[in-house]
Amino acid sequence: MAERSTAAVDVADNSGDEPLTAQADQSTADGVANNRERDTDSDEAQGNPTSEESGKASPPELHSGHKLARRYRLEECVTRLDGFSSWRAVDEKLRRAVGVHLLPADHARARSVLAAARSSALLGDPRFVQVLDAVEDNDLVYVVHEWLPDATELTALLASGPLEAYDAYQMVSQVASAMAAAHREGLAHLRLSPNAVLRTSTGQWRIRGLAVNAALRGISSDTPQRTDTEAIGALLYATLTQRWPYETDAHGLAGLPKDIGLIPPDQVRAGIHRGLSELAMRALANDGATASRHESPCTTPEELVKAIGEMPRIRPPEPAYTAPPQYQRTAYQQGAYGRPAPRPGVTQPVPTPPPPLQSRTGKALKWSVSALLIAALGLGSWQLADALMERGGKADNQNQTQTTDGNDKNDERTEPAKPISVQTAQEYVASGSAQAPQDVAKTYDGDASTFWRTKKYNEGPKLAPYKPGVGIVYDLGSEQDVSTASIGLRYTGDHTTVHLYAADSLAPSTGVDGMKEIASATTTGTSLTAKASKPVKTRYVLLWMTDVPNAPSDGYSGAGYKQAITDVTFKG
């Protein structure tokens, strides 16, 4: 922790308090401005170079095809600026695309870039684009990071118009939560802009350039939390209005008209969600001058996360109903099969129906059918009368009384299981570090697209001996008869094993061995139901996962043994 925090300070404490998002950005890029996955460093540079840059070294003379450490082959230069360059490259060992920042080892900022990259790599939060390597090799310093070909920059998304309220809500929620986690570890971004925020094909928002982008440009701040919070407010403002909340144009967005000051988003464009408009103004507030009426300004990402949590949840829009195509009868159903197609302009004659049966055979057939119907009616009437008479005799023999056995199995009715609402929940850590405590609420928010996930493990499916298990304790508000838990899972493969235990609190006083097991289940799919043989009365339920499947790499973590829970529903 000390190493991480110190590295962040080295990058983040050299400049004044002027909001970095308010400054016009300027840089050059080598003909790849429209690349969806170009590095953030190809964005407009924020701020002016500091005095230490006057003696900066010239960028290394490299070219496409050059290899670093006999592994990373440079493919395309996306930025040359301030003595460093950024490249799209290929990791020939793992056969995947990566991004690379390069600068001379004697560059004035080489030491701070290495420190920032190593600190960012230690965070290991999948909501950030991960630093994969940070190396000083003879006369070069280079930083290798993830390359996300399926991700789209917020800049590109805003080019076609503002985002819907639900998408803007998801963006600010995920970005604010990620930055709050980074600041708890002593790391700041200082260059949050629409080019640094990406949306993956699965709808997850990710941030690139944590600490590293600011270190590459020598940018720092005496108030890093305030700087990042205001930047998040600017991102939200832009997603709602498609305007940059300052007088200068930036990131492909037009600024606000001059001399009118900072006005709320709902005054810029009609139909904007009122709660999101006020949230943007609270994050952008300066010296308490906020247009969010009576609400206090948010000065840290943590305060912004709290403010988002106090808002009513914004649900995704209902899918548009598409009427099915009108049913077309086939030619065969219309009785036209085998007929020649009529010539254009010629009216098709209506076929004459066949005449009724008038021959001697037809008359005989009609009389036969009538006789059969009369016979059937007579037989049915006789059977009905016989049944009624038999029932009346039995009723007389029983003196018109009946006794019903209260234990008759045919009269048993099983009460349907009733859903039990979850009041709150908390991750349970038996040993080692937590998995994703900030995402626990996503397992009972009713949104299948959000989830809590485990970390990636190299061995499995059983987590032991690395961990006895991972799980979440749910508070049901009061003692309930718990009989069933339905669990939605993100990954398939191998098998996932889940146990339910009755706990004594959100922070159980005993280990799993001291708890009463309610049920357990194993699955290879994306849904699992654990059903108890007999309901157990408890207020706190521990969902304990001991085995996880081997899942492939995705936008959140690499390939390995891992699992994620999307939705949990308890019934009793």
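Start at 1 with the first residue, then count along the sequence.
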Side-chain heavy atoms of Val470 within contact of Gln563, under 4.5 Å: no
Note, Leu235 side chain near Met171 side chain (heavy atom, < 4.5 Å): yes
Step-by-step side-chain contact (heavy atoms from CB on, under 4.5 Å) determination, Thr443 to Phe451: CA-CA 6 Å; Thr443 63; Phe451 52 85; over 6 Å; no
Steps toward side-chain contact (heavy atoms from CB on, under 4.5 Å) verdict (Val131, Val144): CA-CA 6 Å; Val131 172; Val144 183; over 6 Å; no
Side-chain (Thr566) to main-chain (Gly488) donor-acceptor, under 3.5 angstrom: yes
Donor-acceptor contact present, side-chain Glu427 to main-chain Ile472, <3.5 Å: no
Any side-chain heavy-atom pair of Ile207 and His189 under 4.5 Å: yes
Main-chain N/O of Pro257 paired to Glu247 side chain as donor or acceptor, under 3.5 Å: no
Any donor-acceptor N/O pair, Gln225 side chain to Thr299 backbone, under 3.5 Å: no
Test item: Phe570 and Ser421 side chains (from C-beta on) under 4.5 Å apart, heavy atoms: no
Greater than 12 external heavy atoms within 6.0 Å of Glu164's CD: no
Ion pair Arg282/Glu303, N-O distance below 4.0 Å: no
Residue pair Ile314 / Tyr166: nearest heavy atoms and the distance that separates them: O-CD1, 3.3 Å
Option passing side chain to side chain donor-acceptor pair (under 3.5 Å) with His183 (candidates Thr300, Asp228, Thr229): Asp228
Thr239 and Asp167 side chains, donor-acceptor separation under 3.5 Å: no
Salt-bridge contact Glu76-Arg88 (side-chain N to carboxylate O under 4.0 Å): yes
Main-chain N/O of Asp82 paired with His107 side-chain donor or acceptor, under 3.5 Å: yes
Distance (rounded to the nearest 0.5 Å) between Ile308 CD1 and Ile232 CD1: 7.5 Å
Side chains of Val98 and His145 in contact at under 4.5 Å (non-hydrogen atoms): no
Point-to-point distance, once rounded to the nearest 0.5 Å, from CD of Glu75 to CH2 of Trp147: 10.5 Å
Lys562 bridged to Asp554 by N-O distance under 4.0 Å: yes
Name of the residue among Arg96, Arg206, Arg208, Gln130 meeting side chain to side chain donor-acceptor pair (under 3.5 Å) with Glu146: Arg206
Rounded distance [0.5 Å steps], CD in Gln438 versus OG in Ser177: 5.5 Å
Pair Leu256-Leu262, side-chain contact (heavy atoms from CB on, under 4.5 Å): steps then yes or no: CA-CA 8 Å; Leu256 297 177; Leu262 182 60; 4.1 Å; yes
Donor-acceptor contact present, side-chain Ser120 to main-chain Ala116, <3.5 Å: no
Between CH2 on residue Trp452 and CG on residue Leu543, distance to nearest 0.5 Å: 8.0 Å
Val141 versus Ala110, closest heavy-atom pair with distance: CG2-CB, 4.1 Å
Min side-chain heavy-atom separation Thr200-Trp205 under 4.5 Å: no
Donor-acceptor contact below 3.5 Å, side chain His273 vs main chain Gly275: yes
For Ala117 against Ala134, the heavy-atom pair lying closest together: CB-CB, 3.8 Å
Minimum side-chain heavy-atom gap Asp567-Tyr444 below 4.5 Å: no
Presence of salt bridge, Arg184 and Glu302, under 4.0 angstrom: yes
Pair Lys93 + Asp91: basic N to acidic O under 4.0 Å: no
Donor-acceptor under 3.5 Å (Arg73 side chain, Lys67 main chain): no
Heavy-atom pair with the smallest gap, counting every atom of Lys455 and Ser433: NZ-OG, 3.1 Å
Heavy-atom pair of closest approach, residues Gly560 and Asn550: O-OD1, 3.3 Å
From Thr424 atom OG1 to Tyr474 atom OH, the distance as rounded to the nearest 0.5 Å: 10.5 Å
CD-CD distance between Gln170 and Gln204, expressed to the nearest 0.5 angstrom: 9.0 Å
Taking every non-hydrogen atom, the tightest pair across Ile272 and Leu240: CD1-O, 3.5 Å
Check against side chain to side chain donor-acceptor pair (under 3.5 Å), Ser86 and Thr79: CA-CA 5 Å; Ser86 298; Thr79 303; 4.6 Å; no
Pair Tyr72-Asp133, side-chain contact (heavy atoms from CB on, under 4.5 Å): steps then yes or no: CA-CA 11 Å; Tyr72 304 112; Asp133 209 351; 3.5 Å; yes
Cation-pi, Tyr561 ring and Lys456 (6.0 angstrom, 45 degrees): no
Heavy-atom donor-acceptor pair, Ser277 side chain to Asp266 backbone, under 3.5 Å: yes
Pair Glu153 + Arg199, salt bridge at N-O below 4.0 Å: no
Side-chain touch Thr523/Thr529, heavy atoms, less than 4.5 angstrom: no
Cationic N near anionic O, under 4.0 Å, Lys442 to Asp439: yes
